[in-house]
There are 2 protein chains.
Amino acid sequence: MSGELPALLAVTFRAVMDHVHTRLAAEGFGDVRPAHGFVFQYLSFHPEATAVELGEHLGVTKQAAVQLVDELARRGYVERRPHPTDRRSRVVALTARGWACVERVTALWRETERRWAELIGEDRLGALREDLTALAADAAGGRPVPLRPLW
Amino acid sequence: MSGELPALLAVTFRAVMDHVHTRLAAEGFGDVRPAHGFVFQYLSFHPEATAVELGEHLGVTKQAAVQLVDELARRGYVERRPHPTDRRSRVVALTARGWACVERVTALWRETERRWAELIGEDRLGALREDLTALAADAAGGRPVPLRPLW
DNA sequence: TAAACTTAGTCAAGTTGGTTGACTACTCGT
DNA sequence: ACGAGTAGTCAACCAACTTGACTAAGTTTA
């Protein structure tokens, strides 16, 4: 059958993330919503981001971004500190708990990949990764793909 | 690098669907929200579904399902008809416009796959489809994966 | 170096897409 | 033929956003 690949991508991703969320919940990280994942993702690569930056990356208003940050701060995943030079601004950083959660997600993803390697073999998995990288790059057409709300 | 495959699935799917939505909008189907896609998907395989059935499949309450249907009916994509035997119930069916929209999506997906075949070759694409099918089945662990809100 | 402009964040109100709960009308099994 | 269950509706509520107006701090420019 042809034309079903996009759906297959979605279904696979969905199944993985359902599993990850179940595991996270069992390990005490049950209070993270899908949208939070994108905050974590961004903060782990931009450790001193501001709320406005975060909003731009997530494609939401600054007000919504601040609300997300407040919620995560209340739950102990992030911390707001005064900006070193700009007194209007405050930087958002992951706390130890925030980092721990990020670590768990990446560990679970690696675990998933190991499982997949067993299923289809290292070679096929390598080809899969390589091909998907090419397809994603082509589909994105040079634009950055924001990795936004999906899970 | 290892552990990035789940993200790669998401990014690829996201890029494809962004493209599809852009094209749909340009062809006069600009008034469909992501959630509608799942309604279409379900109705195209269950042509005489009820609102309650739809709600169960989408994982939302029947009230939310009815609201979705009303919205799509207002825009001419679906139609509500009396149920042939059960006078409490009404069946929801795609209109000509609804079917046209579904056709366009599947055509755009096929087009995407043809493009991908050019990029990585028929063989690799076949392997990709085969492997992803296996991984999805394994990740789902026997459970049906509902193909719910993602786009 | 002061006036004009821009930017980070806040406050408040409105919108949207859902929820739960209570209800009516109908169906079905015994 | 009646009691339990089901399809759909109405109404009230809630969460996650939005838009718009604002303050305070920073930046540019003449």
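Letters go in sequence order (proteins before strands), and every chain restarts at 1. Atoms considered below: every heavy atom in the structure, side chains included; atoms not considered: hydrogens, waters and symmetry mates.
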Got a sec, which residues hit side chain to side chain donor-acceptor pair (under 3.5 Å) with A:E111, two or more places apart in sequence or on another chain? A:R23
How does protein contact run along nucleotides 19-26 of chain C, one letter per nucleotide 5' to 3', with B for base contact, S for sugar-phosphate only, - for none, heavy atoms under 4.0 Å? BBB---BB
Residues passing the ring pair (Phe, Tyr, Trp, His ring centres under 6.0 Å) test with A:F29, sequence neighbours excluded, are none
Output side-chain donor-acceptor pairs under 3.5 Å for residues 97-104 of chain A, partner residues at least two apart or in another chain, one line each.
from   : atom 1 : to    : atom 2 : distance (Å)
A:R97  : NE     : A:R75 : O      : 3.4
A:R97  : NH2    : A:G28 : O      : 3.2
A:R97  : NH2    : A:Y77 : OH     : 2.9
A:R104 : NE     : A:E27 : OE1    : 2.6
A:R104 : NH2    : A:E27 : OE1    : 3.4
A:R104 : NH2    : A:E27 : OE2    : 2.9

Taking for each residue the nucleotide of DNA chain D with the nearest heavy atom, is it A:L68 or B:A51 whose nucleotide lies nearer the 5' end? B:A51
Let me know the distance between CD of B:E48 and C1' of D:dA7, rounded to the nearest Å. 16 Å
Mind jotting down which residue pairs meet the salt bridge (Lys or Arg N to Asp or Glu O under 4.0 Å) criterion with at least one end in residues 40-51 of chain B? Sequence neighbours excluded, please. B:E48-B:R81
Can you measure A:E53 atom CD to C:dA8 atom C1' for me and round it to whole angstrom units? 11 Å
Using 30° and 60° as the class boundaries, would you call the ring planes of A:H46 and A:Y42 parallel, tilted or perpendicular? parallel
With sequence neighbours excluded, residues passing ring pair (Phe, Tyr, Trp, His ring centres under 6.0 Å) with A:H83: none
I need the CG-P distance between A:D70 and C:dG9, as an integer number of Å. 11 Å
Would you say C:dG9 has OP1 or OP2 under 4.0 Å from some side-chain N or O of A:S89? yes
Considering residues at least two apart in sequence or located in another chain, which fulfil the salt bridge (Lys or Arg N to Asp or Glu O under 4.0 Å) criterion with B:R124? A:E130, A:D131
By salt bridge (Lys or Arg N to Asp or Glu O under 4.0 Å), A:R88 pairs with (sequence neighbours left out) A:D86
Presence of B:R33 side-chain N/O under 4.0 Å of C:dT16 phosphate oxygens OP1/OP2: no
Among all residues two or more places apart in sequence or in another chain, which pass the side chain to side chain contact (heavy atoms under 4.5 Å, CB included) test with B:R87? none
Go through residues 76-84 of chain B and report each residue with a non-hydrogen atom lying under 4.0 Å from DNA chain C, sorted by number. none
Just how large is the angle between the end axes of the helix from C:dT1-D:dA30 to C:dT30-D:dA1, five pairs per end, to 10 degrees? 30°
Measure from the side-chain N and O atoms of B:E79 to the backbone N and O of B:T95, and report whether any donor-acceptor pair falls under 3.5 Å. no
Can you name the residues that form a side chain to side chain contact (heavy atoms under 4.5 Å, CB included) with B:A64, not counting sequence neighbours? B:V60, B:T61
